[in-house]
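See below for the structure under consideration.
In what follows, residues are counted from 1 in the order of the sequence shown.
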Amino acid sequence: MPKTKRTPNLPPFRIAPATRAAIRRALGRWYSRNKRDLPWRRTADPYAIWVSEVMLQQTQVKTVTPYFHRFMRRFPDLVTLARADLQAVFKQWEGLGYYSRARHLHQAAGVVVDQMGAHFPDTWEGVRQLPGVGEYIASAVLSIAFGRPYAVADGNVKRVLARLFQLTWPVNKPSAHRRFQETANQLLNRNDPGDHNQAMMELGALVCTPRQPGCQGCPVAAYCRAMADDAVADFPKRTKRAPLPERRIALGVVNKSGRLLVIQRAEGGLLGGLWEFPGGTVVDGEDPRAVCREKIKARVNLKVSVMERLATVRHTYTHFKLRMDVFNCQWQTGRVRLNGPAGFRWISPRRISDLPLHGAMHKALYSVLGRLSPDTEESGG
């Protein structure tokens, strides 16, 4: 079991042994009767379980399920994923967001194949050394695939614990995570940790939901302190977050002889490796059209004429909101020389969607292609 750092000046929360045992029994009975039939629950393959858990981070089951099926058909095992081109992995991931998950998945598969004989590790130390694998992923895969006694403490589990024991630690405060993890560790059924962890997450997803929880059908309602005090709506506690800042960028749909210019974002940064139209950041007070023209010149060495605005796209990321003005541009002079982007292509509009694109770019593409002049539908030189 990994060591846990205790929050200073706060004694650990203790669950009475009899209460722990009763909750485990009730939870286990409920899960065996009510668990959803999900594709990653039909296998003991640690690779498939790992892929599912990575996809399920910050993404709902109903969204993940079709992606999981497609991904496993394309990359059915560790070796296939490790030897695949990262662009192909991104394309299969397209629409799930948080693309660093896909990059780390690809990198980790390479580590397992090249350094571990293509055998997924079954120890805490082995799993944690893989790129992108934190405590949650390690605990989930080790408990579900190998029966190792590690408890998970994701958002669903924290909500269940907060209501069950009236825990006042804010669930969205990073410093409180250790306290929830310690509580989850105490409650863990070490004889069946995989099903216990899945039962806790399933309870949070199906019954102990953020709004309008189904308390009357909860298998552990008899032990829920928040329900006993008619205070379920008061838990979990959250700290108030500041409004998300807005960033503004201007991009140009540069047309040259019927083909459009797309650039590949540099690896390592936000959305690294994905493709988009060229452009850059608009600072308050700047003219987006001028920024579009200047950034295209600076980043790809092309002189363009900036014509009408084709679309304004809005997209929300975890830490900021994006406003993206997209302009119709015509190439005038210059050959592409990159200053920042990792690559470029002149491509037919019909083929742009073959590339892995981020969510905001998809919105832009949907908005602008129908508004371009007919000659951009040709595949000129």
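Distance CE/M55 to CE/M72: 8.5 Å, rounded to 0.5 Å. Rounded to the nearest 0.5 Å, atoms NE2 (H119) and CG (L78) are 10.0 Å apart. A distance of 6.5 Å separates CG of L161 from CG of L187, quoted to the nearest 0.5 Å. Within the model, atoms CD of E276 and NE2 of H358 stand 4.0 Å from one another, a figure rounded to the nearest 0.5 Å. The distance from the CZ atom of R178 to the OG1 atom of T183 is 12.0 Å, given to the nearest 0.5 Å. Between the CZ atom in R289 and the CZ atom in R293 there is a gap of 10.5 Å [rounded to 0.5 Å].
T65 places no side-chain N or O within donor-acceptor distance of the main-chain N or O of K62, the cut-off being under 3.5 Å. The backbone N or O of G272 sits less than 3.5 Å from a side-chain atom of R103, completing a donor-acceptor pair. In this structure, R323 contributes its side chain and R248 its backbone to no donor-acceptor pair below 3.5 Å. Side-chain atoms of S143 come within 3.5 Å of backbone atoms of A140 as a donor-acceptor pair (strictly under, hydrogens ignored). Q186 places a side-chain N or O within 3.5 Å of a backbone atom of I15 that can act as its donor or acceptor partner. Judged by distance alone, with hydrogens and angles left aside, the side-chain atoms of R225 form no donor-acceptor pair with the main-chain N or O of R163 at under 3.5 Å.
V133 and L105 end up in the same hydrophobic cluster when Ile, Leu, Val, Met, Phe, Trp and Tyr side chains are linked at under 4.5 Å. V232 is not connected to Y223 by any chain of hydrophobic side-chain contacts under 4.5 Å among Ile, Leu, Val, Met, Phe, Trp and Tyr, and they are in different clusters. Taking hydrophobic clusters as Ile, Leu, Val, Met, Phe, Trp and Tyr residues chained together by side-chain heavy-atom distances below 4.5 Å, L206 shares a cluster with I23. Both V113 and V54 are members of a single hydrophobic cluster when ILVMFWY side chains are connected at heavy-atom separations under 4.5 Å. Transitive grouping of hydrophobic side chains (ILVMFWY, heavy atoms separated by less than 4.5 Å) brings W331 and F344 into a common cluster.
Between V111 and M116, some side-chain heavy-atom pair lies under the 4.5 Å cut-off. Side-chain atoms of P341 and Q264, non-hydrogen and from C-beta on, never get closer than 4.5 Å to each other. In this structure the side chain of L164 reaches within 4.5 angstrom of the side chain of V220, judged on heavy atoms. Between W30 and V207, some side-chain heavy-atom pair lies under the 4.5 Å cut-off. Between L274 and M361 there is no side-chain heavy-atom pair separated by less than 4.5 Å. Between N255 and C329 the shortest side-chain heavy-atom distance does not fall below 4.5 Å. With a 4.5 Å cut-off on side-chain heavy atoms, R265 and L270 count as touching. Side-chain contact between Y136 and L56 is absent, with no heavy-atom pair separated by less than 4.5 Å.
Listed by chain and residue number, Y31, D192, Q198 satisfy the side chain to side chain contact (heavy atoms under 4.5 Å, CB included) test with D195 (two or more places apart in sequence, or in another chain). Y98 is linked by a ring pair (Phe, Tyr, Trp, His ring centres under 6.0 Å) to nothing, counting only residues two or more places apart in sequence or in another chain. Every side-chain hydrogen bond (donor to acceptor under 3.5 Å, both in side chains) that R42 has, sequence neighbours left out, goes to D37. For W50, the ring pair (Phe, Tyr, Trp, His ring centres under 6.0 Å) partners two or more places apart in sequence, or in a different chain, are F120. Legend: residues meeting ring pair (Phe, Tyr, Trp, His ring centres under 6.0 Å) with H362, ordered by chain and number and at least two apart, are absent. Under the side chain to side chain contact (heavy atoms under 4.5 Å, CB included) criterion, E286 pairs with V282, V283, V291, sequence neighbours left out. In this structure L251 satisfies the side chain to side chain contact (heavy atoms under 4.5 Å, CB included) test together with I249, F277, M324, sequence neighbours excluded. Under the rule for a side chain to side chain contact (heavy atoms under 4.5 Å, CB included), the partners of T59 that lie at least two apart in sequence or sit in another chain are T63, V64, L96, R101. For Y47, the ring pair (Phe, Tyr, Trp, His ring centres under 6.0 Å) test picks out no residue, with sequence neighbours left out.
Across every non-hydrogen atom of F235 and A226, the tightest pair is CD1-CB, 4.1 Å. Y317 and L322 get closest at one heavy-atom pair: CE1-CD2, 4.0 Å. C208 and V160 make their closest contact through CB-CG2, 3.9 Å (heavy atoms, listed as atom of the first residue, atom of the second, distance). A153 and A184 get closest at one heavy-atom pair: CB-CB, 4.5 Å. In terms of heavy atoms, P121 sits closest to F146 at O-CE1, 3.6 Å. Looking at every heavy atom in both residues, A151 comes nearest to N185 through CB-OD1, 3.5 Å.
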| From CA spacing to verdict: side chain to side chain contact (heavy atoms under 4.5 Å, CB included), Y67, W93 | CA-CA 7 Å; Y67 278 92; W93 201 270; over 6 Å; no
Start with the C-alpha gap between R179 and E182, add the side-chain angles, then the distance that decides, and say whether salt bridge (charged side-chain N to carboxylate O under 4.0 Å, His left out) holds.
CA-CA 5 Å; R179 308 306 308 278; E182 289 173 346; 3.5 Å; yes
query: Would E135 and Y150 satisfy side-chain hydrogen bond (donor to acceptor under 3.5 Å, both in side chains), going step by step from the backbone distance to the final call?
result: CA-CA 9 Å; E135 285 190 10; Y150 299 108; over 6 Å; no
Q: Take K321 and H315 through the test side-chain hydrogen bond (donor to acceptor under 3.5 Å, both in side chains) and record every step on the way to the result.
A: CA-CA 6 Å; K321 294 181 178 180; H315 196 76; over 6 Å; no
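If you look at F71 and F75, their ring centroids are closer than 6.0 Å.
Evaluation of the salt bridge (charged side-chain N to carboxylate O under 4.0 Å, His left out) test over residues 65-77, restricted to residues two or more places apart or in two chains, returns none. Sorted by first and then second residue, the salt bridge (charged side-chain N to carboxylate O under 4.0 Å, His left out) pairs with a member in residues 227-247 read E246-R314; sequence neighbours excluded. A salt bridge (charged side-chain N to carboxylate O under 4.0 Å, His left out) check over residues 139-151, counting only residues at least two apart or in different chains, returns the pairs D122-R148.
The environment of E267 atom CD is dense: over 12 non-hydrogen atoms of other residues, nucleotides or ligands sit within 6.0 angstrom.
Aromatic ring pairs are classed by plane angle as parallel below 30°, tilted from 30° to 60° and perpendicular above 60°; the pair F13 and F165 is tilted.
Figure legend: cation-pi geometry between R345 and W275, with NZ or CZ positioned under 6.0 Å from the six-membered ring centre and within 45° of its axis.
No side-chain N or O of S139 forms a donor-acceptor pair with one of N197 less than 3.5 Å apart.
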